[in-house]
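Here is the naming used below: chain letters follow the sequence lines, and residue numbers restart at 1 for every chain. Scope of the values below: all heavy atoms of this structure, side chains included, with no hydrogens, waters or symmetry mates.
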Protein chains: 2
Amino acid sequence: MNEPINAPKPHFFNHTALKKTLDIICGKWRLYIIYQIGTEARRYGELRRMIPEVSEKVLIQELKALVELGVIEKKSYNEVPPRVEYSLTAKTLHIFPHLLELTSIGEAFLNP
Amino acid sequence: MNEPINAPKPHFFNHTALKKTLDIICGKWRLYIIYQIGTEARRYGELRRMIPEVSEKVLIQELKALVELGVIEKKSYNEVPPRVEYSLTAKTLHIFPHLLELTSIGEAFLNP
DNA sequence: CTTATTACTAACCTTTTGGTTAGTTAACTT
DNA sequence: AAGTTAACTAACCAAAAGGTTAGTAATAAG
């Protein structure tokens, strides 16, 4: 019997899905942006005013990335001055409660 | 009536808790490490073999950070060669199911 | 004619994160 | 005497993430 007695029995899990999760929620601003859009359509300038700490460049960059990921969608109206609205996709609205629940993880580690 | 009709009504949430959540789960390796430790105590070398893609330096660095955050705890036995074991803290075991559920967010965005 | 408005882009820089390689310690085995 | 083992540390580097500042386009308002 050469079976090692205490050999590691690692957890197996879906790497691809986990990576996708991290893509969606990690980064300094992603979750804030998603939370602020919430259930309404928000104009770019509106989001800037709601999250004034983020730089313009990064906000646009993150909005683009979230569109790419299928988390939000962008609608441009052909007006001048421009009007662009961002809203959560159906998929995101579906898991939105999960996203709001994320704070509970941190809460568990706040008070000694 | 000067109340703007469509003024942004942002979501309010616990910033501190959210930040703590992100501290715990973000980073290329943190969740993998937490998952691999799971419910058992794991030696450093064991973890290295379970996650061979991570560099030695980063693994140690992340273990240290997770200890700091109160996510894992470290026990050193005074032996030579050294023996050091890492395990999840009670707090972490408590929310471990939440952590395992994180993949479900990503899963929602995998298939079109 | 000038200014304001909105949603951007471009160039550049700093900080953070992750990676590579080599060295250390102290006892045990050969 | 030399090599092995485990869990590190130190010095250095590259890539990614985030930030600053300035500029643009099209129209309307003053």
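Atom-to-atom, CZ of A:Arg83 to P of D:dA28 comes out at 15 Å; the value is rounded to the nearest Å. Atom pair A:Asn78:CG and D:dT27:P shows a separation of 10 Å (rounding to whole Å applied). If you take CD of A:Gln61 and P of C:dA11, they are 15 Å apart, rounded to a whole angstrom. For the pair B:Tyr32 OH and C:dG18 C1', the interatomic distance rounds to 15 Å; values are reported in whole Å. A:Arg49 places its CZ atom 11 Å from the P atom of C:dT5, with the value rounded to the nearest Å. One atom, NZ of A:Lys28, and another, C1' of C:dT16, lie 10 Å apart when rounded to the nearest Å. Across the protein-nucleic acid pair, A:Leu59 atom CG and C:dA7 atom C1' stand 10 Å apart, rounded to whole Å. In this structure, B:Arg30 atom CZ and C:dG18 atom C1' are separated by 12 Å, rounded to whole Å.
Atom NE2 of A:His94 is surrounded by 12 or fewer heavy atoms from other residues, nucleotides or ligands within 6.0 Å. Within a 6.0 Å radius of CD in B:Glu68, other residues, nucleotides and ligands contribute 12 heavy atoms or fewer.
Across D:dC8, C:dG19, D:dG19, the shortest atom-to-atom separation from the side chain of B:Lys57 is found for C:dG19. Of the candidate nucleotides D:dA6, D:dC8, C:dA7, D:dC8 has the atom lying nearest to any side-chain atom of B:Lys74. Residue A:Val58 has its side chain nearest to D:dG19 when only D:dG19, C:dG18, D:dC8 are considered. Nearest nucleotide to the A:Tyr44 side chain, out of D:dT9, D:dA7, C:dA7: C:dA7. Side-chain proximity of B:Val80 to the nucleotides C:dA26, C:dT6, D:dA26 is greatest for C:dA26. In this structure, the nucleotide among C:dG19, C:dC8, C:dA7 sitting nearest to the side chain of A:Arg43 is C:dA7. Looking at the side chain of A:Ile60, the nearest of the listed nucleotides C:dG19, C:dC8, D:dG18 is C:dC8. In this structure, of C:dT20, D:dG18, C:dT5, it is C:dT20 that holds the atom nearest to the side chain of B:Ser55. For B:Val84, the listed nucleotide lying nearest its side chain is D:dA7; candidates were D:dG18, D:dA7, C:dA7.
B:Val80 and B:Val84 end up in different hydrophobic clusters when Ile, Leu, Val, Met, Phe, Trp and Tyr side chains are linked at under 4.5 Å.
Heavy atoms of B:Tyr77 sit nowhere under 4.0 angstrom from any nucleic acid atom. Here B:Arg48 lies out of heavy-atom contact (under 4.0 Å) with every strand. Residue B:Glu56 is classed as a base contact, given a heavy-atom separation below 4.0 Å to a base.
Summary of the strand contacts: B:Pro81 and A:Cys26 both lie near DNA chain D, and taking for each the nucleotide with the nearest heavy atom, the more 5' one is attributed to B:Pro81. Comparing B:Glu62 and A:Lys64 by the nucleotide of DNA chain C that holds the closest heavy atom to each, the one mapping nearer the 5' end is A:Lys64.
Between B:Arg30 and B:Glu62 there is a salt bridge, since at least one side-chain N of the basic residue sits less than 4.0 Å from a carboxylate O of the acidic one. Using a 4.0 Å cut-off between charged nitrogen and carboxylate oxygen, B:Glu73 and B:Lys75 do not count as a salt-bridge pair.
For the pair A:Val54/A:Ile33, no side-chain contact is recorded, criterion being any heavy-atom separation below 4.5 Å from C-beta on.
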